Amino acid sequence: MDDTYDPQAVETAAQTYWNDTRAYEVSEDASRPKYYCLSMFMYPSGSMHMGHVRNYTIGDVISRFQRMQGKNVLQPMGWDAFGLPAENAAIKNDTAPAKWTYANIEHMRGQLKRMGFAYDWSRELTTCKPDYYVHEQRMFVRLMKKGLAYRKASVVNWDPVDQTVLANEQVIDGRGWRTGAVVQKREIPQWFLKITDYAPELLDGLDQLPGWPDAVKTMQRHWIGRSEGLEIRFDVDGGDPLTVFTTRPDTLMGCTYLAIAAEHPLALKAAEDDAELADFLRSCKSGGVSEAEIDTQEKRGMATGFEAVHPVSGERLPVWVANFVLMGYGTGAVMCVPGHDERDREFASNYQLPVKMVVADRGVIDAIHELDQDLAAGVLADPMHAALHGGQTDAYDKASAVRVIEEFSNYIREVEAYTEHGTLVNSGPFDGMNFEQAFDAVAKRLEADGTGQRKINWRLRDWGVSRQRYWGCPIPVIYCDDCGAVPVPEDQLPVELPEDVAFSGVASPIKADPQWRKTTCPECGKPAERETDTFDTFMESSWYYARYTSPGADAQVDARAGYWLPVDQYIGGIEHAILHLLYFRFYHKLMRDAGLVACDEPTSNLLCQGMVVAETFYREDGDRTKHWINPAEVDIQRDERGRITGAVLKADGKRVEIGGVEKMSKSKNNGVDPQHMIDKYGADTVRLFSMFASPPDQSLEWNEAGVDGMARFMRRFWREVNEHAGQPDHPEIDPGALDAGQRDLRRVLHETIGKVGDDYGRRHNFNTAIAALMELLNAVSKFDDMSDQGRAVRHETLESMVLMLNPVTPHACHALWQVLGHAQSVVEDQPWPQVDKQALARDSVKLAVQVNGKLRGTIELAVDAGKDEAERLALGVPGVQPFVEGKTVRKVIVVPGKIVNIVV
RNA sequence: GCCGAAGUGGCGGAAUUGGUAGACGCAGCGGAUUCAAAAUCCGCCGCCUUUAAAAGCGUGGGGGUUCGAGUCCCCCCUUCGGCACCA
């Protein structure tokens with residue numbers, strides 16, 4: 001073996017070996033514990049980017065580590081092949097979406113193989129193929145029969161120029177991205193899955209997932225949004241009653257108006273003979289449908305002229321139309337309490353609607369109470385007085401104190417809504433009650449009157465799965481004039497999507513083709529039409545993990561799923577925290593209830609990795625347009641302390657501007673091509689850097705100098721192992737015969753074995769595992785003991801290092817394992833090295849010595865020394881003396897193995 | 001607007017349970033080797049005062065709890081992710 005490290009040769013040899021021996025193809029094996037490690041599959045966008053490299057390297061490290069723990073490891077890969085970008089590329093390049101997609105898959109599969117990921121390629125799946133999506137169509141028709149799939153009108157972004165539905169991503173500042181036309185809201189009939197039926201289980205199930213990040217569980221809990229409140233009926237003079245839901249029934253007496261959505265029947269009725277209102281309703285239709293857009297737009301409204309009757313006071317309250325009330329949520333009507341809700345306050349201020357405060361601030365109530373008591377007792381209420389005066393404690397009389405309280409109340413009244421819970425005032429029968437008492441009393445009162453009832457409300461909405469697009473799975477439904485929406489019979493599935501089509505970009509080819517949709521009704525046999533919408537692509541990504549377990553199965557999954565599921569470790573970007581990861585949990589429960597899978601949740605452990613970011617560079621035109629320059633074309637300039645002073649373009653040596661670190665993207669031209677890095681450094685070095693540069697859940701800054709550092713490490717490691725392999729044979733280690741230097745290296749080795757196993761297996765902090773291995777290499781390269789036992793300890797160290805680095809840099813380790821004399825063995829099938837507890841033993845420990853919490857020195861003492869000994873030594877430390885002298889030692893805190901703190 | 005994160009040297013990051021802040025790597029500085037360069041090896045490297053010794057300051061900002069806070073609590077700022085049709 002040559003002792004210069006040639007990554008391209010080493011990697012080709014290892015990959016050929018893995019391929020020839022089918023090293024990563026697995027089957028069910030009851031004799032070994034299984035481990036299913038899944039990285040989110042690839043959208044075939046064209047070529048692999050650094051986000052993929054990072055995601056898949058994390059999965060590969062975990063998979064290879066688990067295999068070395070003796071597990072039967074399944075790690076599959078596939079293609080999330082339907083989606084909008086294929087349509088955009090089709091328009092741009094004048095190719096069919098299918099052709100573009102398949103070409104990308106070919107290219108990207110090659111890139112994944114070049115990275116050396118330990119995938120079982122025999123299980124590869126592609127979601128745009130009928131043998132995949134047929135199962136999705138079957139599941140859907142079954143859900144229709146169960147009543148879990150239904151059709152209803154729902155609102156979409158409509159481009160009035162192109163006459164198409166736009167994705168939220170295609171709406172920029174309320175306008176269509178291609179036409180620039182102001183987008184309109186339009187209602188069309190669409191298919192929905194009843195995810196809301198599963199809301200309680202999706203919420204409670206989060207408590208059974210200790211292996212999921214808390215941030216993701218919290219986001220899902222808020223998204224599902226269980227809330228307890230009251231549904232209240234307001235009768236309307238001359239109209240149908242309005243029903244509203246509130247979580248704050250304690251503020252009912254402060255309700256001064258109601259607001260309804262622009263699409264609400266009462267609004268439409270009011271607009272019938274009010275042209276101005278009709279105009280306003282039309283204006284509410286402009287703009288996109290995304291919640292972010294609706295929530296941040298200016299709050300606008302108009303009175304309908306209708307009045308609602310307050311269910312307790314009988315007061316007449318105006319009913320307004322407001323653009324922030326959505327027909328799709330709840331009832332499309334809300335009660336407004338501007339005294340105690342920020343949004344209602346802003347709206348009331350804009351339109352001079354009355355504000356009524358009905359919950360008093362605790363502080364004001366207490367202040368009045370205390371003041372009365374204290375003045376009665378002739379004592380001044382100093383603390384409250386000081387608080388109300390902003391810290392001043394000048395003398396005052398009752399008149400001025402009351403004035404302060406009034407000013408404070410007015411301040412609250414005028415400036416902002418008081419949204420905290422408090423004591424009810426101005427609330428007639430409910431005065432003096434706290435939140436819970438008022439909630440109860442209002443509920444009882446309304447329930448008795450028949451005007452309200454307690455209700456649990458969910459923020460979660462049903463999953464709209466219809467897309468008015470071509471490149472997706474056809475929705476298997478037939479529309480018959482007589483029979484309505486009829487599911488396609490299972491023996492007629494799949495409904496295939498034609499792949500060889502001309503794609504103009506405006507209309508879907510299957511919508512434009514009058515022949516494709518023509519069919520007969522499965523129930524009555526009359527001419528009928530097919531649904532031309534396709535499924536949301538989240539449908540495909542909701543069950544692919546289960547299909548990997550059952551390649552070739554006639555059913556969606558078969559009994560093999562029982563062996564492999566649930567997924568033991570799922571890895572993907574945090575951007576999927578809610579949508580994908582919630583749909584995937586939901587779909588798993590649908591499959592469970594269909595008897596296809598046994599467990600309740602699809603994955604027991606989840607790891608969300610951060611983004612890959614890089615520095616950006618640009619130059620500005622005369623007209624201030626920024627031209628983004630790729631980091632590869634730029635040289636960084638530094639001062640003598642290494643601080644960045646500027647950057648120049650390599651091509652002309654002239655200055656470019658530094659634009660800050662951003663997510664790698666085409667628009668900022670700061671993407672680093674993984675292919676280029678692999679060609680230059682090899683896959684192992686790229687894998688090593690992406691694991692070392694930051695922990696997996698944080699963002700990773702790509703920096704080529706850092707990659708150079710990893711290449712240096714690989715060369716040093718390669719040389720160290722090869723030099724050792726050239727030494728004469730060594731005897732067995734004799735633990736009793738080791739000298740201090742040999743014992744020190746062995747202790748470092750065995751500490752490292754413990755740490756690296758914990759970092760890979762439990763913490764998933766690959767960066768600190770690699771740092772520990774770098775320290776170990778530093779230690780072994782300083783160790784120049786050529787004695788028999790010295791060579792034996794070095795051998796143990798290097799052999800363990802090859803095993804420990806194998807999950808991250810498997811190609812080099814495959815070669816080095818042979819260099820160490822194991823020609824016949826596969827490194828992946830070696831057991832993980834064991835920690836030798838005896839090697840960890842120490843004679844003495846070092847303790848930090850603090851005086852009043854500040855470090856003043858250290859002491860070294862025997863491991864078995866007591867606290868008194870530690871205290872005595874600590875007080876004798878020279879650095880401690882000046883800070884203790886002339887002072888009384890009040891206390892000495894000794895934390896064994898850590899610190900001694902002397903308090904003076 | 002709402003929900004969730006993050007903020008530590010020149011840079012990426014470490015500090016796992018409240019116990020020596022800055023491991024490891026990069027960049028930089030000094031040296032060795034070399035005809036030279038690359039590669040490699042050795043040393044230094046938070047800020048500030050200082051000849052040195054030593055002291056002070058220091059984990060986005062402001063308060064607090066504690067013998068002791070990057071870590072816990074309260075308030076604020078900034079950046080990032082998601083908001084149901086990007087995937």
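The shown structure was predicted, so the numbers you read here are calculated from the model rather than taken from an experiment.
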Residue whose nearest RNA chain B nucleotide is more 5′ - A:N901 or A:A693: A:A693
So which one's nearest nucleotide on RNA chain B is more toward 5', A:D214 or A:I578? A:D214
Who pairs with [N] - Watson-Crick or G-U, where each distance is under 3.5 Å:
N     : answer
B:C41 : B:G31
B:C2  : B:G82
B:G7  : B:C77
B:C48 : none
B:G68 : none

Testing A:F766, A:Y681, A:W702 for ring pair (Phe, Tyr, Trp, His ring centres under 6.0 Å) with A:F689, which one passes? A:W702
Pairwise [atom1] distance, [M] and [N] [rounded to whole Å]:
N     : M     : atom1 : value
B:A52 : B:A37 : C1'   : 40 Å
B:C2  : B:C11 : P     : 33 Å
B:A6  : B:U17 : P     : 14 Å
B:U71 : B:U16 : C1'   : 11 Å
B:C42 : B:U33 : C1'   : 11 Å
B:U50 : B:C44 : P     : 24 Å
B:C35 : B:G28 : P     : 25 Å
B:G12 : B:U59 : C1'   : 16 Å

Heavy atoms only, 4.0 Å cut-off, all strands: where does [X] land among base, sugar-phosphate and nothing?
X      : value
A:R459 : base
A:E575 : base
A:S466 : base
A:F692 : base
A:V156 : base
A:Q698 : sugar-phosphate
A:T296 : base

B:A84 phosphate, OP1 or OP2: any side-chain N/O from A:N168 under 4.0 angstrom?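 Answer yes for this pair, as a side-chain N or O of A:N168 is under 4.0 Å from OP1 or OP2.
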OP1 or OP2 of B:A14 under 4.0 Å from side-chain N/O of A:N767: yes
By nearest atom, which of the nucleotides [options] is closest to the [X] side chain?
X      : options             : answer
A:A771 : B:G4, B:A55, B:C24  : B:C24
A:L855 : B:A39, B:C83, B:A21 : B:A21
A:S290 : B:G56, B:G25, B:A84 : B:A84
A:Q850 : B:A27, B:G1, B:G19  : B:G19
A:R716 : B:G81, B:C41, B:U20 : B:C41
A:M774 : B:C24, B:A15, B:C57 : B:C24
A:I893 : B:A87, B:C67, B:C24 : B:C67

In whole angstrom, give the distance that lies between atom [atom1] of [X] and atom [atom2] of [N].
X      : N     : atom1 : atom2 : answer
A:K898 : B:G68 : NZ    : P     : 18 Å
A:R638 : B:C26 : CZ    : P     : 13 Å
A:Q220 : B:G4  : CD    : P     : 13 Å
A:E775 : B:G25 : CD    : P     : 8 Å

Can B:G46 be described as syn, meaning its chi torsion is within 90° of 0, or is it anti?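 That one's anti.
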Examine A:F535 together with A:F82 and report whether their ring centres are nearer than 6.0 Å.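 No, ring centres 6.0 Å or more apart.
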Do A:Y570 and A:Y545 have ring centres separated by under 6.0 Å? no
Polar side-chain contact [X]-[N] base: donor and acceptor under 3.5 Å:
X      : N     : result
A:K755 : B:U16 : yes
A:R461 : B:A84 : yes
A:R762 : B:U16 : yes

Is there side-chain contact between [X] and [Y], with at least one heavy-atom pair below 4.5 Å?
X      : Y      : answer
A:M710 : A:M774 : yes
A:V900 : A:E871 : no
A:E615 : A:P631 : no

Please check if the side chain of A:R467 supplies one atom and the backbone of A:A167 the other of a donor-acceptor pair under 3.5 Å. no
Mark yes or no for whether A:R856, through its side chain, and A:V849, through its backbone, hold a donor-acceptor pair below 3.5 Å. no
